[in-house]
Amino acid sequence: MATQTSNAESPTGGKIPSSMRAVVYRGVNDLRLETVPVPAIGPGELLVKVTTCGVCGTDLKKIHTGSHSAPRIFGHEMAGTIVRVGQGAAGFAVGERVVVHHHVPCGECYYCRKQTFAQCPVYKKVGATAGFEPSGGGFAEYIRVMDWIVANRGVVPIPAGVPFEQAAFLEPVNTVLKAVKLLNLAADETVLVIGQGPIGVMLAALARRTGARVLTSDLYPQRHAIAAGFGLDHPIDAGRENAVERAFAATDGRGADAVILAVGATALIQTAMDAVRPGGKVMLFAQTQHEKANFDPGAVCMDEKTLLGSYSASAAILDEVTDLVFGGYRKGFDLTQLISHRFPLERAVEAIEIASHPTAGSMKIMIEPVPGAGRE
Ligand SMILES: [Zn+2]
Ligand SMILES: [Zn+2]
């Protein structure tokens with residue numbers, strides 16, 4: 001039973017229309033702005049009007065590789081306002097500002113018990129959709145949030161004073177904090193973060209909060225300038241300096257205790273392995289495609305260098321991440337500084353084009369179904 005009624009009042013006083021604009025993935029590198037029905041909701045579900053949605057590297061991968069069937073509506077780093085509450089969706093009200101997680105783990109299966117939530121079968125099921133095969137739906141005006149997401153903490157209220165676009169960083173910050181925690185950094189350690197796109201800056205900023213010294217490497221001075229705003233004061237100009245040498249120079253010739261690779265280039269795995277000390281750790285954070293890579297197995301065995309990876313979010317750190325993102329706004333963790341472009345939905349194809357070809361001036365790119373309202 002769907003609870004949708006036509007022409008219902010939205011909290012802003014407007015009506016909820018029966019159709020909406022959405023960016024539809026129609027095949028590899030084929031995105032189209034289309035008019036689609038506003039999703040109907042059932043018992044226990046919510047309809048959320050999307051205010052803003054971040055463009056994520058994983059969205060780009062899906063669009064450019066065809067890893068997922070078409071048609072779909074992507075976008076999963078979204079924040080918006082509840083405009084309709086399904087029967088029995090306890091604790092939620094129309095008008096509430098929220099962040100929506102597009103998937104949540106079951107909490108009970110073998111993988112969840114081992115805290116590897118991203119491998120949970122329920123987690124792999126997407127529960128937010130703007131239509132077609134559920135795929136997030138943030139690149140559309142409205143999304144339907146399914147009952148198991150609503151019931152399992154997948155919808156997070158945004159406190160007053162925190163803008164939608166800061167809140168939209170909840171999911172990416174979770175993935176980043178999860179990776180940093182896996183490294184078990186200590187205050188006497190040195191970390192090298194390779195790549196200072198938005199994710200690289202967040203990784204470096206959170207690594208720095210452990211007290212460790214953090215070296216950051218990138219080709220672009222513009223990015224180092226943004227990183228400096230997060231207290232990252234050991235920039236390496238990757239165009240002129242050798243990151244491996246800098247890591248050795250900073251550690252009495254040992255090498256960094258940990259290296260985080262925040263760039264997808266497979267060739268940099270060797271650079272990271274060279275820059276880390278014997279017994280140190282290399283974290284692969286941007287290697288989201290299956291392929292072959294070269295590395296020296298003796299570096300893992302004899303030099304005891306650990307090669308590890310981290311993907312997606314952890315349910316175990318939800319509260320910590322919420323405090324960090326909501327509480328950190330105006331307290332040294334204003335993530336909106338990472339946003340370089342904001343595009344209305346009508347220009348979403350252009351937004352994704354820019355996100356796909358990073359330049360010195362591009363960082364986090366937001367698509368705003370309600371133009372300008374992300375800052376509210
Ligand atoms: Zn993401
Ligand atoms: Zn599970």
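These values consider heavy atoms only, across backbone and side chains, with no hydrogens, waters or symmetry-generated copies. In listed order, ligands and their atoms are each counted from 1.
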- Query: Are D319 and R153 ion-paired here, with the side-chain N under 4.0 Å from a carboxylate O?
  - Reply: yes
List the atom pairs, with distances to 0.1 Å, where a side-chain N or O of residues 185-196 and a protein N or O form a donor-acceptor pair under 3.5 Å, not counting sequence neighbours.
| unit_1 | atom_1 | unit_2 | atom_2 | d |
| --- | --- | --- | --- | --- |
| E189 | OE1 | A186 | N | 3.0 |
| T190 | OG1 | R213 | NE | 3.3 |
| T190 | OG1 | R213 | NH2 | 3.1 |
| Q196 | NE2 | G200 | O | 3.1 |

For the CG atom on D323, are there more than 12 heavy atoms of other groups (residues, nucleotides or ligands in this structure) within a distance under 6.0 Å? yes
Checklist entry - Within less than 2.8 Å of the Zn ion (ligand 1), any N, O or S from E77? => result yes
* Assess whether salt bridge (charged side-chain N to carboxylate O under 4.0 Å, His left out) is satisfied between K181 and E320, documenting all intermediate values. => CA-CA 12 Å; K181 281 179 176 290; E320 191 177 350; 3.1 Å; yes
Vertex the Zn ion (ligand 1), ends H76/NE2 and C56/SG: angle to nearest 10° comes to 100°
Residues passing the salt bridge (Lys or Arg N to Asp or Glu O under 4.0 Å) test with E353, sequence neighbours excluded, are none
For L219, the hydrophobic cluster (side chain heavy atoms closer than 4.5 Å, chained through members) also holds Y220
Near the Zn ion (ligand 2) (protein N/O/S, cut-off 2.8 Å, waters excluded) we have C106 SG, C109 SG, C112 SG, C120 SG
Closest to the Zn ion (ligand 1), among the N/O/S atoms of E171, is atom OE1
Given the options E34, E141, E346, R21 meets side-chain hydrogen bond (donor to acceptor under 3.5 Å, both in side chains) only with E346
